[in-house]
> 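Have a look at the structure that comes next, please.
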Amino acid sequence: MSHSNETVNYGPILFQYDLYPEKIEEVGKVKKVISRRGTFALKETSLNEEEASWFTHVIHRLSEIGYHQIVPLYPTKYGDYTVQYGNRTYYLMPWFAGGDRFGLTREEAIIEEIGKIHFLTLKEQDFSPEVVDHSFQYLMQRWESRQLEMERFAEESERMPYMSPFELTYLSHFHHMMRMAEDAKRRLKDWYDACHSEKRYRSVLCHGKLSRNHLLYSHHGEPHLLNFEKAVLDTPVRDLAVFFRKAVHLSNWTKEEGGRLLSLYQRHIPLLDEEKSLLVSYISYPEPLFHSVDLYRHQRERYSQIEFVHRLEKRISAMRHIRDFCDLILTPPPPQPLDTNINTDHI
């Protein structure tokens, strides 16, 4: 629906693009701007000036190195790619109505596109023990502190005269959660030791916030990624961990499906052994379960006990899927015939 006050609110922003909307609709987190010049998507974000500058640099850099499957940004009539208005930042993109998709599923398309971006931006960093030490210590301390919080919650629950259904469910899985956390920390130590012995560390441009919602299809059916607001230079594992943590919740998930998706990615960048250890470490740490506890502790009125229990059990089930998938990641693949033809169709 269009509202006149929306037109007034967005008028000063759209004026910078010489756009005079006939109608503005709210669609998810973007505004669909319908004008005589066509239909556009206006995104509102909380990026500060420095973050906005990095964001536009990322979009332009991807285009420069030959990656064109991004939703482009339109410049204002002054040549800027973002507009600061009040305490918010805005940017304008074409509106993707979505056409017939090519043969890939949404997950296949996301993992293919992120594989291409990682391949094009892959950099073997000069090995720095300090950087690896800092990453290892930061993550280990954060995880241990989270475990302590969860132990405290278990102790508090046990002292209750009448435990809630959520507390009972949590306690029945508590020791299993702690074992998962300890396994994840062991894998993190494997990564740390391997980095030091191999003296190598690779970085890529990570999307930073991979999600099914951040893939759109053009009217030709081609996949395009958007929302690079959290893009960062980091280990390729960062994007993969986010992707697989979400993918295990899909109704068609099996460890074989996970292995197939990871193989699609590895056609672009085969993971090093220590990166596999890091991926297993990231995805097997039971942070999603701890999030359920945080939600229960701080927003107890928001959902019913049944909903809290259901959420926790669903996440416990997903963590079981992850454990099976982790075993598959760490299983050495059968020997393959040497293939020197890297797929560079996308460049």
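The structure presented is a predicted model; accordingly, all values stated were derived computationally and were not measured.
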> Do the rings of Y282 and W143 sit parallel, tilted or perpendicular, given the 30° and 60° boundaries?
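Ring orientation of Y282 relative to W143: perpendicular.
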> Work out which heavy atom in C206 is nearest to a heavy atom in D234; give both atom names and the distance.
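Closest approach of C206 to D234, heavy atoms only: SG-O, 3.9 Å.
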> Quick one: CG on L264 to CD1 on I110, what's the gap to the nearest 0.5 Å?
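Between L264 CG and I110 CD1, I get 12.5 Å after rounding to 0.5 Å.
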> Show the nearest heavy-atom pair for residues S292 and L312, with the distance to one decimal.
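Nearest heavy atoms, S292 then L312: CB-CD1, 4.0 Å.
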> Taking atom types as modelled, find out whether T105 and E107 have a side-chain donor-acceptor pair closer than 3.5 angstrom.
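Checked: T105/E107 side chains show no N/O donor-acceptor pair below 3.5 Å.
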> Begin with the C-alpha distance, continue with both residues' side-chain angles, and end with the deciding distance and a verdict on ring pair (Phe, Tyr, Trp, His ring centres under 6.0 Å) for Y17 and Y74.
CA-CA 8 Å; Y17 295 94; Y74 286 125; 7.8 Å; no
> I'd like to know if the side chain of H60 reaches the main chain of T56, judged simply by a donor and an acceptor atom lying under 3.5 Å from each other, with no hydrogens or angles considered.
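Here the side-chain-to-backbone pair exists.
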> So if you build clusters from Ile, Leu, Val, Met, Phe, Trp, Tyr with side-chain heavy-atom gaps below 4.5 Å, do L14 and I34 land together?
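The answer is no; the residues belong to distinct hydrophobic clusters.
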> With no hydrogens and no angle check, do the side chains of N227 and H207 hold a donor and an acceptor under 3.5 Å apart?
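Looking only at side-chain atoms, H207 and N227 do not form any donor-acceptor pair under 3.5 Å.
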> Regarding S164 and Y296, do their side chains bring together a donor and an acceptor under 3.5 Å, going by distance alone?
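Side chains of S164 and Y296: pair found under 3.5 Å.
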> Testing the basics here: between N48 and Q84, what is the closest heavy-atom pair and its distance to 0.1 Å?
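So the minimum-distance heavy-atom pair works out to C-NE2, 4.0 Å.
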> What closest approach, in Å, do T235 and V204 show between heavy atoms, and which atom pair accounts for it?
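Closest heavy-atom pair between T235 and V204: C-CG2, 4.2 Å.
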> Name all pairs fulfilling the salt bridge (Lys or Arg N to Asp or Glu O under 4.0 Å) condition that reach into residues 198-208, sequence neighbours left out, sorted by first residue then second.
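Every salt bridge (Lys or Arg N to Asp or Glu O under 4.0 Å) pair that includes a residue of residues 198-208, provided the two are not neighbours, is R200-E274, R202-E275.
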> Do V33 and W95 have side chains that get closer than 4.5 Å, going by heavy atoms?
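No; the side chains remain at least 4.5 Å from each other.
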> Start with the C-alpha distance between E307 and R302, add both sets of side-chain angles, then the distance that settles salt bridge (charged side-chain N to carboxylate O under 4.0 Å, His left out), and finish with yes or no.
CA-CA 10 Å; E307 286 171 311; R302 191 170 165 187; over 6 Å; no
> Any idea how F136 and Y192 line up, ring-wise: parallel (<30°), tilted (30 to 60°), or perpendicular (>60°)?
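Rings of F136 and Y192: parallel, under 30°.
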> Output the distance between atom CD (E287) and atom CE (M319), rounded to the nearest 0.5 Å.
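Reported value, rounded in 0.5 Å steps: 10.0 Å.
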> So, R187 side chain and V280 main chain: donor-acceptor pair closer than 3.5 Å or not?
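Here the side-chain-to-backbone pair does not exist.
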> Does the H268 side chain pair with the main chain of H118, one donor and one acceptor, at a distance under 3.5 Å?
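No; judged by distance alone, with no hydrogens or angles, the pair does not exist.
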> Decide yes or no for T82 and T45: does some side-chain heavy atom of the first lie under 4.5 Å from some side-chain heavy atom of the second?
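A side-chain contact is absent here, since even the closest heavy-atom pair is not under 4.5 Å.
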> If two hydrophobic side chains count as joined below 4.5 Å and joins carry through other members, does L188 share a cluster with V237?
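In one cluster with L188: V237, yes.
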> In terms of side-chain heavy atoms, does E22 have a donor or acceptor partner in S35 at a distance below 3.5 Å?
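Not at all, the side chains of E22 and S35 share no donor-acceptor pair under 3.5 Å.
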> If you count heavy atoms of other groups shown closer than 6.0 angstrom to NE2 of H175, is the number above 12?
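Atom NE2 in H175 is not crowded, with 12 or fewer foreign heavy atoms closer than 6.0 Å.
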> So if I apply the salt bridge (Lys or Arg N to Asp or Glu O under 4.0 Å) rule between D18 and each of R37, R36, K77, which one comes out positive?
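In the set R37, R36, K77, the residue that makes a salt bridge (Lys or Arg N to Asp or Glu O under 4.0 Å) with D18 is K77.
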> Regarding R267 and the six-membered ring of Y265, is the cationic atom NZ or CZ under 6.0 Å from the ring centre and inside 45° of its axis?
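No, R267 does not sit over the ring of Y265.
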> Evaluate side chain to side chain contact (heavy atoms under 4.5 Å, CB included) for I329 paired with F244, printing each intermediate quantity in order.
CA-CA 12 Å; I329 294 171; F244 283 112; over 6 Å; no
> Please determine if D193 and K189 form a salt bridge, counting it only when a charged side-chain N lies under 4.0 Å from a carboxylate O.
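Answer for the salt bridge query: yes.
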> Shared ILVMFWY cluster between I316 and M178, side chains joined below 4.5 angstrom?
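In one cluster: yes.
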> For the pair Y303 and L295, evaluate side chain to side chain contact (heavy atoms under 4.5 Å, CB included) and give the outcome as yes or no after the intermediate values.
CA-CA 9 Å; Y303 302 102; L295 193 70; 3.6 Å; yes
> When the ring planes of H134 and Y138 are compared, do they come out parallel, tilted or perpendicular, using 30° and 60° as the limits?
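Ring orientation, 0 to 90° scale: parallel.
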> Taking F55 as the fixed residue, which of Y90, Y91, Y81 is the one that meets the ring-ring contact (aromatic ring centres under 6.0 Å, His included) rule?
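The option that passes is Y91.
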> If you compare all heavy atoms of P288 against all heavy atoms of R315, which two are closest, and at what distance to 0.1 Å?
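For P288 versus R315, the nearest heavy atoms are O-NH1, 2.9 Å.
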> Taking only residues two or more places apart in sequence or in another chain, which ones pass salt bridge (charged side-chain N to carboxylate O under 4.0 Å, His left out) with E44?
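Here the qualifying residues are R88.
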> Under 4.0 Å between a side-chain nitrogen and a carboxylate oxygen: does that hold for K43 and E229?
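The answer is yes: the pair qualifies as a salt bridge.
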> Are the aromatic rings of F290 and Y285 close, with centres under 6.0 Å apart?
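Yes: the rings meet the under 6.0 Å criterion.
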> Which heavy atom of P72 sits nearest to which heavy atom of P94, and what is that distance?
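Closest heavy-atom pair between P72 and P94: O-CD, 3.3 Å.
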> Please determine if R297 and E149 form a salt bridge, counting it only when a charged side-chain N lies under 4.0 Å from a carboxylate O.
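Judged by the 4.0 Å cut-off on N to carboxylate O distance, R297 and E149 do form a salt bridge.
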> For the backbone of A231 and the side chain of W54, can you confirm whether one donor and one acceptor N or O come within less than 3.5 Å of each other?
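Answer holds: yes.
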> Is there a donor-acceptor contact under 3.5 Å from the side chain of T254 to the main chain of E257?
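Answer holds: yes.
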> Taking 4.0 angstrom as the limit, do E64 and R61 come out as a salt bridge?
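The answer is yes: the pair qualifies as a salt bridge.
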> Are I65 and F119 connected in the hydrophobic side-chain network, where two residues link if heavy atoms are under 4.5 Å apart?
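They do share one cluster, since a chain of ILVMFWY contacts under 4.5 Å joins I65 to F119.
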> Assess whether atom NE2 of H249 is packed by more than 12 heavy atoms of other residues, nucleotides or ligands within 6.0 Å.
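Yes, because the 6.0 Å sphere around NE2 of H249 holds more than 12 heavy atoms from other groups.
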> Can you tell me how far the CZ atom of F153 sits from the OH atom of Y170, to the nearest 0.5 Å?
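Answer for the CZ-OH pair, F153 versus Y170, is 6.5 Å.
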> Test I283 against V248 for side chain to side chain contact (heavy atoms under 4.5 Å, CB included), laying out the working first.
CA-CA 10 Å; I283 62 177; V248 291; over 6 Å; no
> May I ask you to test the T39-K32 pair for a side-chain heavy-atom distance under 4.5 Å?
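Contact flag for T39/K32 side chains = yes.
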> Side chains of L205 and L233: does their closest heavy-atom pair fall under 4.5 Å?
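Of all side-chain heavy-atom pairs linking L233 with L205, at least one is under 4.5 Å.
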> Quick one: are the ring centres of H224 and Y217 less than 6.0 Å apart?
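So the answer is no for these two rings.
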> Same cluster for V232 and Y201 if Ile/Leu/Val/Met/Phe/Trp/Tyr side chains link at under 4.5 Å?
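Looking at the clustering, Y201 is in a separate group from V232.
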> Within the distance-only criterion (no hydrogens, no angle test), does the side chain of T169 pair as donor or acceptor with the backbone N or O of P165 below 3.5 angstrom?
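At least one qualifying donor-acceptor pair exists.
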> Can you tell me if CD1 on I306 sees more than 12 non-hydrogen neighbours from other groups inside 6.0 Å?
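No, because the 6.0 Å sphere around CD1 of I306 holds 12 heavy atoms or fewer from other groups.
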> Test side chain to side chain contact (heavy atoms under 4.5 Å, CB included) on L262 and L271; report intermediate values, then the result.
CA-CA 10 Å; L262 187 58; L271 291 177; 4.2 Å; yes
> Between E182 and K185 (salt bridge meaning N to carboxylate O under 4.0 Å), is one present in this structure?
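Yes.
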> Short question: side chain of S63, backbone of I59 - any donor-acceptor pair under 3.5 Å?
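Side chain of S63 to backbone of I59, a donor-acceptor pair under 3.5 Å: no, none is there.
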> Is it true that atom CZ of F127 has more than 12 heavy atoms of other residues, nucleotides or ligands lying nearer than 6.0 Å?
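More than 12 heavy atoms, drawn from other residues, nucleotides or ligands, come within 6.0 Å of this atom.
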> Could you verify whether a donor N or O on one side chain and an acceptor N or O on the other, from E313 and H173, lie under 3.5 Å apart?
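No, no side-chain donor-acceptor contact under 3.5 Å.
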> Let me confirm one number: the CG-CH2 distance from L261 to W253, rounded to the nearest 0.5 Å.
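Interatomic distance, L261 CG to W253 CH2, rounded to 0.5 Å: 6.5 Å.
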> Flag yes if more than 12 heavy atoms outside E124 fall under 6.0 Å of its CD atom; otherwise flag no.
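More than 12 heavy atoms, drawn from other residues, nucleotides or ligands, come within 6.0 Å of this atom.
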> Does S281 use its side chain to pair, donor to acceptor, with the backbone of S277 at less than 3.5 Å?
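Not confirmed, S281 side chain does not pair with S277 backbone.
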